[in-house]
Protein chains: 2
Amino acid sequence: MAETILVLEDDPAMQSFLSTLLKSHQHKVLSFTAGLPALQCLVTEPAELILLDLGLSDMDGQEWLQQLRGWCDTPVIVISARHSEQDKVQALDNGANDYVTKPFSAAELMARIRANLRKTADVRQVFAFGEVQLDPVSRTVQRSGQAVHLTKTEYDILLLLMQHADKVLTHNQILTRVWGKAYIDRPEYVRVHMAQLRQKLEANPAAPAFLKTESGVGYRLTLAATGV
Amino acid sequence: MAETILVLEDDPAMQSFLSTLLKSHQHKVLSFTAGLPALQCLVTEPAELILLDLGLSDMDGQEWLQQLRGWCDTPVIVISARHSEQDKVQALDNGANDYVTKPFSAAELMARIRANLRKTADVRQVFAFGEVQLDPVSRTVQRSGQAVHLTKTEYDILLLLMQHADKVLTHNQILTRVWGKAYIDRPEYVRVHMAQLRQKLEANPAAPAFLKTESGVGYRLTLAATGV
DNA sequence: TAATCTTTATAAAATCTTTATATTGCACTA
DNA sequence: TAGTGCAATATAAAGATTTTATAAAGATTA
């Protein structure tokens, strides 16, 4: 499964079109027609990219974008029927990464999605920290050049942390992404597997330099080693 | 002087138009009409962004892009008279970050340039006062460039104060937002944690320059340092 | 069977709450 | 205006609680 994409689109026909298109490219799709539920979803279920139609019914799309940018820097591609220069400029200055006007070609949209995902990947292209390297293509992990065997769960957690490097992932976010929504009251699952990851990847598991605990919040993978 | 932008454009009229436009927005402009000199220039003189017209005379623009991406990940905005879907997709997949077709509006181009510069500069919305910076996306706080560890409660209080900078927040408001409505008769909770925040963030905790007490009311975060 | 995940128990760490004491701010009075 | 006393605040430190780390046993899966 490729990257998760959240689609916030009012019109059912367009929503269905986008959903089909994205799924045919192996993306996981989170579909929303109203702004508030979409924001709430993003808190627990991080997406790699957001498609936003400015014409929402429950709130203004520009406002939605501003609110989102207060805490989330996931790439946003705005899709809009509004061709006016003012709308474009406002959306881009509100933090949108791209602006596509209807009608658009499916191939172009997908290319723009790839371009914007690449950028995220560029930033996180550093699928490495300290002596550890992760190759998402082969699903393998090396430490100081030596292959390290991770179980599926361990690998999934590590990949998730790396995709959101330097950010805090809450227990709920990790549980939702790795185990599923039904597991949000089992933080001990995360703890046990984090301990395993530290055993396998940290020089001193008792004083981790990269796989950090944020007490009361969750875990964070820091790319630059920090003493304490 | 703002960011340096390299313009690779064949047509003298367009080259001159872009150059004037960019300079009027305080950018430093490196102008080229041929591909090879532009590549050579980028080796020694790094640019923050590249505007590329696909219709070059000495080589194909798509090829130029491929060559560039072999070693350089500076954002590229393609400007082209070619409206065909195939050209767009190819350019984006060759590593372009955006694609603008002629004719375009100057305001839109500038907005797209800002959007593409933003991610390089990683200019997220950060709250700041004095030497302290708070990044809500990564949930981190720095003081004079050094990471400062705040507990969950300390962070929650600081974020709340920053979201309402320069305004007074009463004990009740802070208690309600951070602990919950049941805690409105425990002002001592706030006091203890405010003292902690001052220890960690103020140069002289006993005479705070930013985290101010409003006796009998609550607390205020002032953005501009004040003596007393 | 071997590998992995789940569950449990216990120890350790981090954080929060509570308390005590010192200090400050402020209204009121002489 | 200076002084007095009360209320509000600052702060350290102890105690209590929550959260986390870790090992290891049991359950599950392939």
Side-chain angles (χ1 to χ4, degrees), chain A residues 139 141 147-158 160-161 168-175 177-180 182-221 226-228, chain B residues 139 141 147-158 161 168-172 174-175 177-180 182-221 226-228:
Chain A
R139 282 182 77 95
V141 175
V148 175
H149 173 72
L150 298 188
T151 70
K152 174 173 161 24
T153 306
E154 287 160 8
Y155 179 87
D156 289 346
I157 294 174
L158 183 64
L160 185 63
L161 287 168
V168 179
L169 288 167
T170 65
H171 301 114
N172 280 359
Q173 286 175 333
I174 297 171
L175 286 163
R177 285 296 285 264
V178 177
W179 278 269
Y183 291 79
I184 52 169
D185 57 344
R186 312 306 294 272
E188 67 273 16
Y189 286 19
V190 183
R191 290 201 192 103
V192 171
H193 284 91
M194 282 299 298
Q196 282 297 326
L197 276 174
R198 284 170 175 159
Q199 293 295 332
K200 292 182 179 181
L201 302 177
E202 289 274 3
N204 180 5
F210 302 96
L211 295 164
K212 297 291 201 179
T213 302
E214 293 283 331
S215 192
V217 188
Y219 292 90
R220 179 206 308 271
L221 173 69
T226 49
V228 182
Chain B
R139 210 191 155 93
V141 176
V148 176
H149 174 75
L150 299 187
T151 70
K152 175 173 152 50
T153 306
E154 288 160 8
Y155 179 88
D156 289 346
I157 293 174
L158 184 64
L161 286 168
V168 181
L169 287 168
T170 66
H171 299 116
N172 280 0
I174 297 172
L175 285 163
R177 290 291 293 272
V178 177
W179 278 268
Y183 291 78
I184 52 168
D185 57 344
R186 313 305 294 272
E188 68 273 17
Y189 287 18
V190 183
R191 291 200 191 102
V192 171
H193 284 92
M194 283 301 298
Q196 281 298 325
L197 277 175
R198 285 170 175 159
Q199 293 295 330
K200 292 182 178 182
L201 302 177
E202 289 273 4
N204 180 6
F210 302 96
L211 296 163
K212 298 291 199 180
T213 302
E214 295 286 332
S215 192
V217 187
Y219 293 90
R220 179 207 308 269
L221 173 69
T226 49
V228 181

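The structure presented is a predicted model; accordingly, all values stated were derived computationally and were not measured. Throughout, protein chains are lettered first and strands after them, A, B, ... in sequence-line order, and every chain is numbered starting at 1.
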Let me know the distance between NZ of A/K152 and P of C/dC5, rounded to the nearest Å.
-> 9 Å
Could you check how far NZ of B/K212 sits from C1' of D/dT9, rounded to whole Å?
-> 15 Å
B/S/- contact track for nucleotides 13-30 of chain D, protein heavy atom under 4.0 Å = ------SBSBB-------
Is there a donor-acceptor pair closer than 3.5 Å between any side-chain N or O of B/R139 and the backbone N or O of A/V217?
-> no
Provide, to the nearest angstrom, the distance between the NZ atom belonging to A/K200 and the C1' atom belonging to C/dT4.
-> 9 Å
Measure from the side-chain N and O atoms of A/E202 to the backbone N and O of A/L211, and report whether any donor-acceptor pair falls under 3.5 Å.
-> yes
Quick one: are B/L221 and B/L169 in side-chain contact, heavy atoms under 4.5 Å?
-> no
Expressed in angstrom and rounded to an integer, what is the separation of A/I157 atom CD1 from C/dT4 atom P?
-> 14 Å
A/T213 and side chain to side chain donor-acceptor pair (under 3.5 Å): which partner among A/R220, A/R191, A/R198?
-> A/R198
Parallel, tilted or perpendicular: which describes the rings of B/Y189 and B/Y183, with under 30° parallel and over 60° perpendicular?
-> tilted
B/H149 NE2 to C/dA13 P: how many Å, rounded?
-> 15 Å
With respect to the phosphate group of C/dT7, does any side-chain polar atom (N or O) of A/R186 fall under 4.0 Å of OP1 or OP2?
-> yes
Does OP1 or OP2 of C/dC5 have a side-chain N or O of A/T153 closer than 4.0 Å?
-> yes
Establish, with yes or no, whether the OP1 or OP2 oxygen of C/dT17 is under 4.0 angstrom from a side-chain nitrogen or oxygen of B/Y183.
-> no
side-chain N/O B/W179 vs C/dT17 OP1/OP2, d < 4.0 Å | yes
When every non-hydrogen atom of B/E154 is compared with those of B/K200, the smallest separation belongs to OE1-NZ, 2.7 Å
